[in-house]
Every structure is written in C-alpha cells, then in structure tokens.
Amino acid sequence: MEEKKETHHFIEQIIAEDLKEGKHNSIITRFPPEPNGYLHIGHAKAICINFGIVEKFGGKTNLRFDDTNPEKESTEYVNAIKRDIQWLGFDWEDREYYASDYFEQLYGFAQKLIRKGLAYVDDSTSEEMAEMKGSTNQAGTNSPYRNRSIEENLALFEKMKNGAFENGSKVLRAKIDMSSPNLLMRDPVIYRVKKAHHHRTGDAWNIYPMYDFAHGQSDSIENITHSLCSLEFENHRPLYNWLIEQLEIYPSRQIEFSRMNVTYMITSKRRLLKLVEEGVVTSWDDPRMPTLSGMRRRGFSPEGIKMFIAKAGVSKREQMMDIGLLEECVRQDLNKTTDRIMAVLDPVKVVITNYPEDKTELLPIENNPEEEVRTYRKIPFGREIFIEKNDFKEEAPNRKYRRLAPGSIVRLKAAYIIECTDYIKDEATGEITEIHCKYYENSRSGSDTSGLKPKGTLGWVSAQHAITAEARIYDRLFTDPFPLNHEGKDFMDFINPNSLKVLPQILVEPSVQSKTAGERLQFMRIGYFCVDPDSHEDKMVFNQTVTLKDTWAKLQNQQKSTKK
RNA sequence: AGACCUAUGGUGUAAUCGGUAACACACCAGUUUUUGGUUCUGGCAUUCUAGGUUCGAGUCCUAGUAGGUCUACCA
C-alpha cells in the first residue's frame, strides 16, 4: 500500500502537536454564531474548519449561540442557523449552548475581577470615554472613576444589574492599561446597562456582557481546547488571554485564520440586508445570495460547497477565491449525482416529414452516464419535436460546427439521426419558425445499422408530450469581481442588471413531473437545475444552478472579440 | 504614526531537521465522447526586494517594501 501524503494546515499542525505532547487527550472546538442574521459562505468555512478538525482528530464540536446583544437577536435566526448547519451535514448532537446560559456565571466572573481590583464602574459618557482612549500613537488617560473602591464598585455593579441605572449611564470596565499600544487593552468595557428583552432570558437582566467578556469565558466554561476564529480577532487575543488568566479559569487557546472572500460576492450582513431591503434580491434565500439558504435554493449541494472550502484551505493570508472554483466544485458533484433530462429553453419546432403522423415511440435513455450500473427510463418520441433554436443555423458557420443546418445530419439523443431538408423563415422578423427533416428509420439508438456518422448530438422534446415550465437563469449578482474595492464607488453601483432572466415557457420531458422542490437535475447540454419551491401543480419552476462548461460558446466569444 | 499579522504562478494552498518548488482551479494545445458535458495527455514560477550565513536557502539572519486589522456601551 502506498502511503498517502497527508498535509496538515497550520491549525491542524498545532493540534497534532498538542495531542502528541499530551497537552490534551482530546479536543473540543466550537462554532459560535450570533443569532442576528443568516449564515453565508464565510460561516460555512468556519463550520467546516471547526467540525472538520474534530472529524480528523476526534473530539467534539459545540454549537454555541453568542447571544449577548438582545436588541439584535432572535429565535428565528437560531432556527435558521441550526437548519443550515444540519444541511451542510454537521451534527453538534446535544451540545447546543448559549452564552446567555452563562449570564449568572459571567456576572460572578465580573465580581471576581472587581474584588481583585481589576474592574471598575465608569460613569463617563461614551463620548468622554472615546476621548480618554487616546489614539494609535497617543496614550489614553485614566478615567476619573478609575480609583473607586472595591466596595463601591461592587455595590454600583449590583445596582446596575438590578436596574437602578438607565441605558448608557454606567459601564463596567476592566482595569488594564490606558497606555497600551493595543487599544483593546485600554480599559475595555465588559458590561453595559441595556434594558432590553432577551430572546431566552426575557427581562431577567438589565446588564449584558460585551463580546470580550462573554466569548472567551464561554469557551473556558465549555473547556474549549482550541477556539478558532477569523483574523479580525487577532488584536483581541491579548485581552482574551488576560481575562482567562486573571479569572483563573480554563485556558482555552484562540487561533485565528483568514476569512473566505469570493469574487463577485459580498458577505457583510449590513450590505446583504441592503440588497434585500432595496429589492435587488427577493429575500435572504434568493438564489443569487451568498447565504447558505440562497445557495441551497440555487441548487448548490453541500458536498460541492464543502469541496470548495476544502480546496481553499486554511491560512492567515487574506484569501480571495475565484467564484469559478465554487461553480466547478458544484459541477463536479452534480455531474456524479444528478439525472440527465431533456429540456429545451428556447424552442423551435422540427417536423419529421417521413415519420408516421399518428405514431409515438417510447425510447429508453440512460439516467446518468456516470452511474456505475446504468439505469434507464423511457421518453416519448413523435413526428413533431422541439429543439433549441440555437442548434440550427441556415448556414454552417465553419468546419467545426456540429449542429443542424440544411443538408446536414445530426443525432437526436437516444433517438434517430435526422437530416434537415427544408425550413420556414418569417421574412419579416428573420426568425426560423419551423424546420423540416427526414429521419433514418434504421438509425435508432442502440440498433443503428445506418452506417451514418453524424458529428453532433442534439437534445429534444416531443411536441405532443412536453411540459411547459418556467426557468430562472441566474448570473453573478455583480458586474465586477471586487464590488467593494473601488474608491468613490459603492457596491450598489456594480449590481448586474441581468443577474436574473426569467424564461416563462421552456419545455421539459414529462418525467420531471414527479420531481419535488429541492431536487437537482442536469438539463442535458445546458446546465444543472433545481426545482424551486415556487413550483406548483400547474407550473414547475426551475432555478439554473450553474451552466455546463461550454467550450463551443467560449470559442465563439473569442472569435467575436478577436474580430473586433 | 503605534501594536499585531501576512508575503510562493492569474487564483488558492503545499513543500514537516536547510536538499530537484508540488497539487487544484483558470488559461493554452491536443485526446475521447450518442451531452461542444465527462475522461485522458502535454504546456504554463528568477518563491516581494536587497544584502548575508551555507557545498546547498521558499525555509535561517539583517535591512527594506507592500498589504491587512485595531481608536463601537456590535460580534
């Protein structure tokens, strides 16, 4: 057996080392979303890293909702987040935790800090505090309230808790160092008065801990061995460690990795919200959104998304991934897993003049040529069929052309070879309205004795049997790969006006009638599609997930651009 | 300007005591194919710069340069 060379990314190397040295017997990681929005591709990376590492090394991953800001958080988001993680295929078993479960303990931690003389109640306004903070190259100044006695601090803090003070009137601050070069160490606020209804604790609390006094402490309470987060928290690490040390609690270790950025995508909650609110997209699960719910509705598979994230890797460099790789990963998965079906997006009628008028055949066709053991279904064929308009030209454009033209022959997939004998053109519009062909009766797929060798194969549907459906063709939401990187311009200036094209009247083979919302298919020679939940009995709706690669179209475009 | 972090093809990631720069995507040229899909083959890099140590440097040392993050009672 040849040994597979397995490389570990830098976090896995740290963990492997810790395990080897016996620093930990097993590891615990956590995914800590704030329930104030929907999960997107960037969260998917964090989920894959935290759960993936445990799959590799053994251990556990906790799901913990970081719900310390009641004004923005809700149970609705909690449920959406849980659904998305499950959809990706990860299981936190019974370890569903909430920072709000620890409010009592956190309060005790704060009292401990006060008793150690390491925290104080500050009456300054936020403006005053900002002023006293100093700046990157100027030390801050101590608050006039910095030297309150431990007893006074304890009493005031309790009063804050009991609701004696109004929002914004007092905060609890850690007493660290107002001249630290790290601004986060300049006596950070760790508790604020906030009289708000919490989605889990209701009105029990009038004060809530800040991120820095909740996140690390929750990690510690849960015995998280490795707390993996994104690069933006690097500057928080000294504070994370300081608090753990002063509180004398379990020393979780924070390790940062870079966030996932993808070309033509944005992931900031604020900006995504703007897209929804201004009606650029229909909803958070609009198939053009980078949210997991959007990608799911688009037809992206969890396997495809996970493959993409695995290929992106883990490092500390700012990563800007090509959206083309995401699409390619989805194609790779869908190529193996989806059934091929016949569909015509832009139909033109073909009459097979030498085929009997009242005849209908049921022809066998493979479901997926990638299957190890092939399975087949039957599709109806008749004298009148539809093909793509684009598959017929009045004159073959060049020698490489393989489709239908007067006098040329093509194979109809799983059916017969046909030859174009004539066509009808609307002289007013220049549009081809009907094509006449003859078929070779002895050329039927599987029993072809004609000896003919057509260069191309076309998709088709039977005019008599096809179902009319709607297709939604999606393109990238932005016209620029980096909509955020243009000085003086807003990302809204780069919205792609053609990101959605609705085709209300496509034709599909009758077998798709049985497909239900969420099912993925390949429209042969066109792309991957997914049944949208908007589908109903009278009309099915298909979302285009991604097109098939189209080297012919690429060649055509190249020729066009070189001619210019 | 201060602190912290990062620097390897167009993009992303490897190269584990210093020993032929590897893989994927993209791109280019072919191959196969009853999907112009899939498959398969080949092509594609002075490792940010300048010095230094060494038989040998992507890796070690020194000095630069470029980029990212940080001055919310958000997370």
Side-chain angles (χ1 to χ4, degrees), chain A residues 5 7-9 13 16 32-34 36-37 66-69 71-73 122 124-126 129-131 133-140 167-173 180-186 189-194 207-208 210-212 214-215 229-238 256 258 260 263 269 308 310-322 324-329 331-332 335-336 340 342 365-366 369-370 400-403 410-415 417 445-446 448 454-459 522-527 547-555:
Chain A
K5 213 183 203 176
T7 60
H8 288 159
H9 59 67
Q13 280 172 24
E34 184 188 11
N36 73 340
D66 229 335
D67 55 351
T68 57
N69 188 3
E71 284 160 347
K72 296 184 175 173
E73 297 151 3
D122 197 327
S124 308
T125 64
S126 54
M129 280 179 48
E131 215 163 288
K133 189 151 204 167
S135 63
T136 48
N137 51 2
Q138 194 187 342
N167 289 355
S169 60
K170 279 182 173 52
V171 293
L172 183 71
R173 292 226 261 172
S180 169
N182 182 341
L183 284 321
L184 285 157
M185 298 295 271
R186 319 246 261 227
V189 173
I190 57 176
Y191 260 96
R192 78 282 214 189
V193 176
K194 194 182 277 278
I207 55 172
Y208 292 93
M210 299 290 290
Y211 165 82
D212 285 304
H215 188 89
C229 61
S230 52
L231 242 35
E232 51 196 301
F233 294 102
E234 261 172 343
N235 294 339
H236 291 248
R237 184 159 20 96
E256 312 86 11
S258 58
M260 157 95 66
T263 55
K269 275 177 199 165
F308 170 65
K311 287 188 176 187
V314 180
S315 73
K316 300 188 78 158
R317 302 166 59 179
E318 282 296 325
Q319 61 179 193
M320 179 58 78
M321 297 302 297
D322 186 345
L325 180 60
L326 208 207
E327 293 167 346
E328 184 52 26
C329 288
R331 275 193 204 102
Q332 257 180 53
N335 177 47
K336 295 223 158 47
R340 276 58 169 164
M342 297 278 223
I365 183 170
E366 68 215 2
E370 300 288 319
K400 286 186 175 174
Y401 183 77
R402 299 188 198 165
R403 301 177 186 180
V410 293
R411 157 77 60 191
L412 292 175
K413 174 72 186 178
I417 294 172
S445 281
D448 182 1
K455 281 194 285 183
T457 303
L458 303 187
Q522 185 195 104
F523 285 3
M524 209 176 323
R525 301 207 313 138
I526 300 171
T547 60
L548 252 32
K549 276 192 210 164
D550 193 344
T551 46
W552 176 244
K554 201 160 82 179
L555 269 174

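Quick caveat: nothing in here was measured; it's all calculated off a predicted structure. Letters A, B, ... are given to chains in the order of the sequence lines, protein chains preceding strands, and every chain is numbered from 1.
- Taking the side-chain hydrogen bond (donor to acceptor under 3.5 Å, both in side chains) definition, one finds that A:Ser258 meets it with nothing, sequence neighbours left out.
- One finds a side-chain N or O of A:Gln319 lying less than 4.0 angstrom from the OP1 or OP2 phosphate oxygen of B:U13.
- Taking atom NZ of A:Lys316 as the reference point, atom C1' of B:G12 lies 18 Å away to the nearest angstrom.
- Base engagement by A:Gly446 is indicated by at least one non-hydrogen atom pair under 4.0 Å involving a base atom.
- An OP1 or OP2 oxygen of B:G37 is reached within less than 4.0 angstrom by a side-chain nitrogen or oxygen of A:Thr551.
- When the nearest nucleotides of RNA chain B are assigned to A:Lys413 and A:Met321 by heavy-atom distance, the more 5′-ward of the two goes with A:Met321.
- For A:Lys549 and A:Glu327, the salt-bridge test fails: no basic side-chain N is under 4.0 Å from an acidic carboxylate O.
- Among the atoms of the strands shown, base atoms are found under 4.0 Å from some heavy atom of A:Tyr401.
- Taking for each of A:Arg411 and A:Ser258 the nucleotide of RNA chain B with the nearest heavy atom, the 5'-most of the two is the partner of A:Ser258.
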Legend entry - Contact pattern, 5' to 3', of nucleotides 64-75 of chain B - B, S or - by protein heavy atom under 4.0 Å: ----SBBB-BSB
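- Rounded to an integer number of Å, the gap from A:Met320 CE to B:A7 C1' is 17 Å.
- Comparing B:U53 with B:G12, their C1' atoms are spaced 33 Å from each other, to the whole Å.
- Among the protein residues, A:Arg340 comes within range of the nucleic acid bases, having at least one heavy atom under 4.0 Å from a base atom.
- With sequence neighbours excluded, no residue forms a ring pair (Phe, Tyr, Trp, His ring centres under 6.0 Å) with A:His9.
- The same atom, P, is picked in B:G58 and in B:A50; the two are 13 Å apart, to the nearest Å.
- In this entry the distance linking CD of A:Glu366 with P of B:G37 reads 16 Å, nearest Å.
- A salt bridge does not link A:Glu34 to A:Lys72: none of the charged nitrogens lies less than 4.0 Å from a carboxylate oxygen.
- Rounded to whole Å, the separation between the P atoms of B:U54 and B:C17 comes to 23 Å.
- Going from atom CD of A:Gln522 over to atom P of B:G37 covers 11 Å, rounded to whole Å.
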Inset, instruction - Summarise protein proximity over nucleotides 22-28 of chain B in one line of letters, 5' to 3': B for base, S for sugar-phosphate only, - for none, counting protein heavy atoms closer than 4.0 Å. - result: --SSSSS
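- Between the CG atom of A:Asn235 and the CD atom of A:Glu256 there is a distance of 9.0 Å, given to the nearest 0.5 Å.
- The same atom, P, is picked in B:U11 and in B:G51; the two are 26 Å apart, to the nearest Å.
- Nucleotides B:A21 and B:U13 have their C1' atoms positioned 13 Å apart, rounded to a whole Å.
- Legend: residues meeting ring pair (Phe, Tyr, Trp, His ring centres under 6.0 Å) with A:Phe308, ordered by chain and number and at least two apart, are absent.
- The residue A:Ala214 sits apart from the nucleic acid: no heavy atom pair falls under 4.0 Å.
- Where pairing requires Watson-Crick or G-U contacts shorter than 3.5 Å, the helical stems of RNA chain B with at least three consecutive pairs are B:2-7 with B:65-70, B:10-13 with B:22-25, B:27-30 with B:40-43, B:48-52 with B:60-64.
- Looking at heavy atoms from C-beta onward, A:Arg340 lies out of side-chain contact with A:Lys413 at the 4.5 angstrom threshold.
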